[in-house]
Amino acid sequence: MLKIEDLVVAYGGIEALKGISLEVEEGKIITLVGANGAGKSTTLRTVMGLVKPVSGRIFFQEKDLLAEKTHHLAQLQITLVPEGRRIFPKLTVMENLRIGAYCRRDEKEIKTDLEWVFSLFPILQERSWQLAGTLSGGEQQMLAVGRALMSRPRLLMMDEPSLGLAPLLVKEIFRIIKEINRQGVTILLIEQNANAALQIADRGYVMETGRIVLEGSGRELLANQEVKAAYLGKRRDQG
Amino acid sequence: MTLDLFLQHLSNGISLGSLYALIAIGYTMVYGVLRLINFAHGDIFMMATYFAFFGIVTFRIPWFITFPLVLVLTAALGMTVEAVAYRPIREAPKISILISAIGASFFLENLTIVLFGGVPKPFPAPTLFTDVVQVGTVAIQKLTFYIPIVTVLSLLALLYLINKTKTGMAMRAVSMDQETARVMGININHTIAFTFGLGSFLAAVGGIMWGMKFPQIQPLMGVIPGLKCFIAAVIGGIGNIGGAVIGGFILGIGEIMLVAFLPNLTGYRDAFAFVLLILILLSKPTGILGEKTAEKV
């Protein structure tokens with residue numbers, strides 16, 4: 001569905017991505033794990049057209065994404081839950097959800113999706129008239145995910161959705177990601193919480209300083225000694 | 001001072017304040033989406049009065065056709081200024097855009113001098129608006145009543161547009177976070193252009209009424225009202241539309257009352273706005289309705 005080939009991205013001469021290739025299959029959960037500065041967010045931002053690459057190609061179902069402007073991607077049903085949530089603080093919860101459906105004209109279907117989002121996140125319905133900035137961190141994260149779902153995405157990219165959330169909420173978010181995927185949305189997930197991410201992922205890529213160093217099914221990577229040592233906080237000898 | 005006289009001053013203050021409010025909204029809206037003071041705004045306001053002059057005097061188009069035409073032309077001018085002076089350098093450092101804004105302002109002023117001459121021209125106000133009516137013992141121009149009414153109607157329409165429509169929601173989203181707005185599918189170029197168009201439209205509403213109230217137009221007439229309305233926007237809390245309106249009325253009424261109660265200070269009339277600006281910057285730099293947004297991490 002999404003295919004990235006030899007992508008090189010540089011910020012002022014410093015290469016953040018040194019030629020990565022990866023593929024996201026339709027209907028799957030794919031995860032990119034890696035430490036800070038590995039280039040995970042840059043990858044997503046480049047797919048969204050927010051960063052211009054030096055070279056490489058990105059295809060979404062045979063369509064060249066690098067030729068598309070950011071605001072056209074919502075129409076192609078590609079969306080991003082940005083790092084740090086980035087909800088609109090002075091819009092109400094309802095308006096934030098509505099703006100997720102900005103490109104859509106099918107009012108009836110939008111209402112259906114609104115019900116769907118509320119069924120995933122009942123708290124958002126209770127707070128629909130509140131300004132989004134008054135929500136707690138966890139609620140804001142749910143709103144960011146709900147807002148992305150309102151575009152009825154085929155490809156949903158998420159940048160660290162669990163960051164800064166209490167352990168119980170992290171579990172809840174991952175449960176919901178799985179549920180969203182079960183309903184047919186392809187997911188490209190970035191996480192530092194490698195353990196949780198790999199557990200729900202069909203396929204994972206491990207990134208290190210702008211390169212993909214390992215790839216495999218979620219299960220394989222979870223069992224991999226190097227991954228364990230580097231990201232799961234387990235020493236090699238404990239295996 | 002008799003009550004009659006006081007009421008006359010008050011009505012003058014309210015109508016002047018209305019005009020300031022209409023222009024101040026343009027500053028505050030553009031600041032809201034771009035964090036930019038559009039210094040050309042006062043000159044866009046000036047151009048509106050020239051458009052009206054040419055429509056009615058030169059082309060002899062009836063006022064009820066000319067005025068709507070002026071609104072549209074001025075909105076287009078505002079959008080042109082954005083496309084030419086601001087859009088190409090939107091990613092540049094703020095100071096470059098600020099300099100470009102000042103350049104755009106000088107350009108419009110001098111273009112007007114070159115094209116239309118520096119000699120003041122009489123504004124062709126329809127007598128329908130400038131007729132004087134007797135209220136009790138005081139004589140007041142009909143215009144003095146029309147101005148606040150038109151202002152309130154424009155404001156209500158603006159608030160509806162910004163708070164209740166999809167376009168307005170996009171404007172508010174762009175003002176908070178351009179990048180995320182783009183991810184949501186909002187074309188921020190269109191939204192920003194629309195914001196300039198809307199601000200210039202309101203400046204034209206103000207400009208037409210200004211021309212009828214002070215019926216002499218010249219190329220530099222936008223400078224002082226422009227500065228004052230910028231100050232009005234700062235006093236109210238820049239970025240906040242309600243604040244711009246409040247700031248406009250404070251300035252307008254304050255200025256008229258200053259002259260009314262302290263005739264000795266008439267020469268300092270224009271200084272009033274600047275003194276008020278200094279006071280507000282010292283006591284509440286974010287303005288009356290301005291607030292610092294606390295970010296949740």
Side-chain angles (χ1 to χ4, degrees), chain A residues 44-45 47-51 68-92 94-105 107 110 131-141 143-144 147-148 150-153 156-157 159 163-164, chain B residues 28-29 31-35 87-88 90-93 159-195 236-244 286-287 289-297:
Chain A
L44 295 199
R45 291 172 57 78
V47 174
M48 279 317 287
L50 296 169
V51 179
E68 297 290 329
K69 296 224 164 74
T70 301
H71 62 260
H72 289 142
L73 294 188
Q75 274 157 2
L76 296 173
Q77 294 173 292
I78 303 174
T79 195
L80 170 73
V81 178
E83 189 176 11
R85 298 154 201 150
R86 307 277 285 265
I87 47 119
F88 298 106
K90 287 185 178 173
L91 297 186
T92 63
M94 183 58 103
E95 285 174 326
N96 266 280
L97 293 172
R98 285 262 163 201
I99 217 157
Y102 185 78
C103 292
R104 297 172 57 185
R105 301 275 177 274
E107 188 55 33
I110 292 175
L131 289 187
T134 65
L135 299 182
S136 73
E139 290 162 353
Q140 290 190 6
Q141 186 64 61
L143 179 56
R147 180 182 64 180
M150 286 305 294
S151 66
R152 191 172 276 188
L156 174 63
M157 302 190 288
D159 196 341
L163 193 71
Chain B
T28 227
M29 282 202 305
Y31 184 86
V33 294
L34 283 188
R35 301 289 176 271
R87 189 179 302 176
R90 199 182 290 152
E91 306 300 323
L159 290 177
Y160 177 82
L161 176 73
I162 288 183
N163 292 316
K164 299 283 177 220
T165 67
K166 209 168 162 180
T167 311
M169 190 166 74
M171 285 171 67
R172 285 180 290 147
V174 169
S175 77
M176 286 173 232
D177 186 340
Q178 291 192 5
E179 193 173 285
T180 308
R182 284 162 69 198
V183 172
M184 297 299 124
I186 296 168
N187 183 333
I188 61 167
N189 281 343
H190 289 177
T191 306
I192 291 170
F194 183 77
T195 306
I238 195 144
N240 185 312
I241 289 175
T286 50
L289 294 186
E291 47 183 309
K292 282 234 162 70
T293 47
E295 277 177 32
K296 196 161 256 161
V297 189

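Each chain gets a letter, A, B and so on, in the order its sequence line appears, and its residues count up from 1.
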Does a side-chain heavy-atom distance below 4.5 Å link B/V183 with A/L50?
yes
Under 4.5 Å heavy-atom distance to chain B, tell me which part of A/A101 shows up: side chain, backbone, both or neither.
backbone
Between B/N189 and chain A, which part of the residue has a heavy atom less than 4.5 Å away: side chain, backbone, both or neither?
neither
Is chain B contacted by the side chain of A/R45, its backbone, both, or neither, given a heavy-atom distance below 4.5 Å?
side chain
Identify which part of A/E95 has an atom lying under 4.5 Å from any heavy atom of chain B, answering side chain, backbone, both or neither.
both
About how many Å separate CE of B/M176 and CZ of A/F88, when rounded to the nearest 0.5 Å?
7.5 Å
What are the two closest heavy atoms between B/G185 and A/Y102, and how far apart are they?
O-CD2, 3.7 Å
Is there a side-chain contact between B/M184 and A/R147, using heavy atoms and a 4.5 Å cut-off?
yes
Atom CD of A/E107: over 12 foreign heavy atoms under 6.0 Å
yes
Would you give the length of the straight line joining atom NE2 of A/H71 to atom OG1 of B/T191, rounded to the nearest 0.5 angstrom?
9.5 Å
Candidate list B/K166, B/R172, B/M169, test side chain to side chain contact (heavy atoms under 4.5 Å, CB included), partner A/I99, passing option:
B/M169
Option that, when pairs with chain B are counted at under 4.5 Å, heavy atom only, ranks first among A/L91, A/N96, A/L80:
A/L91
Let me know if A/S151 has heavy atoms under 4.5 Å from chain B in its side chain, its backbone, both or neither.
neither
